[in-house]
Amino acid sequence: MFQIAPSLLAADFWSLSTDMLSAVEGGADLFHVDVMDGHFVPNLSMGAMVVKAIKKKLNVTLDVHLMVTDPDANIDDFADAGADWISFHIEATPHAHRVCHKIRQRGCKAGIAINPGTSLSTLEGIIGDVDFVLLMSVNPGFGGQSFIDTTYQRIELLAEMCHSATSRPFIEVDGGIGTENIRELRKRGMQVAVAGSSVFGKPDPGAAVRQLIQASKDPS
Ligand code: DX5
Ligand code: ZN
């Protein structure tokens, strides 16, 4: 499995539907929704109403990335709105196990997000209970940042951890991904690539999705 998840944060909100339809035409059927509460990260972004509006019109998978201090309090709203995947930060709560179970009980895939500065060892107690790990390759809070190179070593270690975990979680990487690094990340174990600026920052999002998929493949 390998998928591109265009991140709505980089879209032009005036023409969100046009941009999304273009990405769908380019092969995207999964979209990343960055939810920021102004506390866990400084910005405010979008909420469950956006998820609900998209779900009414488009048959796509919505991957909600909660950058919030109280993930527990947000799960029902997003699940009701139609979220398919919900991830939250290991740094945000001491009750990661409970939150994962709540996400799964609501019928969504549960993901745990981890910041570039947090040791992967903090995932040991929870990795067997998640469907995926969202490995941050930038510090959360803003789109369009530069990719942090230590991600290459971290993804290799994470791939080993996921391989030996009972739930066999998949790896999604988030931040600064483009045609220049996507192949190396895929080679090292990335199965889902979040792409904000490298899709919606381009004049033709559909063509950008196709280029990313192409660039991720080994040349044959
Ligand atoms: C950062 C967000 C990312 C962001 C990625 O806080 O979690 O999902 O939208 O954007 P790019 O791909 O532009 O780095
Ligand atoms: Zn994100």
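Counting convention: from 1, in listed order, for ligands and their atoms alike. These numbers come from a predicted model, not from an experiment.
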Practice item. Can you sort out the partners of Lys217 under salt bridge (Lys or Arg N to Asp or Glu O under 4.0 Å), two or more places apart, ordered by chain and number? Key: none
Check your understanding: Under the salt bridge (Lys or Arg N to Asp or Glu O under 4.0 Å) test, which residues partner Arg188, sequence neighbours left out?
Key -> Glu156, Glu184
Practice item. Hey, can you tell me if Phe170 and Phe132 have their rings parallel, tilted or perpendicular (30° and 60° cut-offs)? Key: parallel
Review point. Quick one: do the Asp174 and His32 side chains pair a donor with an acceptor below 3.5 Å?
Key: yes
Pairs under 3.5 Å, nitrogen or oxygen of ligand 1 with protein nitrogen or oxygen:
| residue | atom | partner | partner atom | Å |
| --- | --- | --- | --- | --- |
| ligand 1 | 6 (O) | Gly141 | N | 2.7 |
| ligand 1 | 7 (O) | Asp34 | OD1 | 3.0 |
| ligand 1 | 7 (O) | His65 | ND1 | 3.3 |
| ligand 1 | 7 (O) | Asp174 | OD2 | 2.9 |
| ligand 1 | 8 (O) | His32 | NE2 | 3.3 |
| ligand 1 | 8 (O) | Asp34 | OD1 | 3.1 |
| ligand 1 | 8 (O) | Asp34 | OD2 | 2.8 |
| ligand 1 | 8 (O) | Asp174 | OD1 | 2.6 |
| ligand 1 | 8 (O) | Asp174 | OD2 | 3.0 |
| ligand 1 | 9 (O) | Ser7 | OG | 2.8 |
| ligand 1 | 9 (O) | Asp34 | OD2 | 2.9 |
| ligand 1 | 12 (O) | Gly196 | N | 2.8 |
| ligand 1 | 13 (O) | Gly144 | N | 2.9 |
| ligand 1 | 13 (O) | Ser197 | N | 3.0 |
| ligand 1 | 13 (O) | Ser197 | OG | 2.4 |
| ligand 1 | 14 (O) | Gly176 | N | 2.8 |

Review point. Does Phe147 have its ring centroid less than 6.0 Å away from the ring centroid of Tyr152?
Key: yes
Exercise for review: Mind checking the CE-CD1 spacing from Met136 to Ile148? Nearest 0.5 Å is all I need.
Suggested key: 8.5 Å
Check your understanding: Tally of protein N/O/S atoms under 2.8 Å from the Zn ion (ligand 2)?
Key -> 4
Review point. Any idea which heavy atoms bring Arg104 and Ser167 closest together, and the distance?
Key: NH2-CB, 4.2 Å
Exercise for review: Before accepting this row, confirm whether a basic side-chain N of the pair Asp80/Arg106 lies closer than 4.0 Å to the acidic partner's carboxylate O.
Suggested key: yes
Check your understanding: Crowded around Lys202 NZ? As in, over 12 foreign heavy atoms under 6.0 Å?
Key -> no
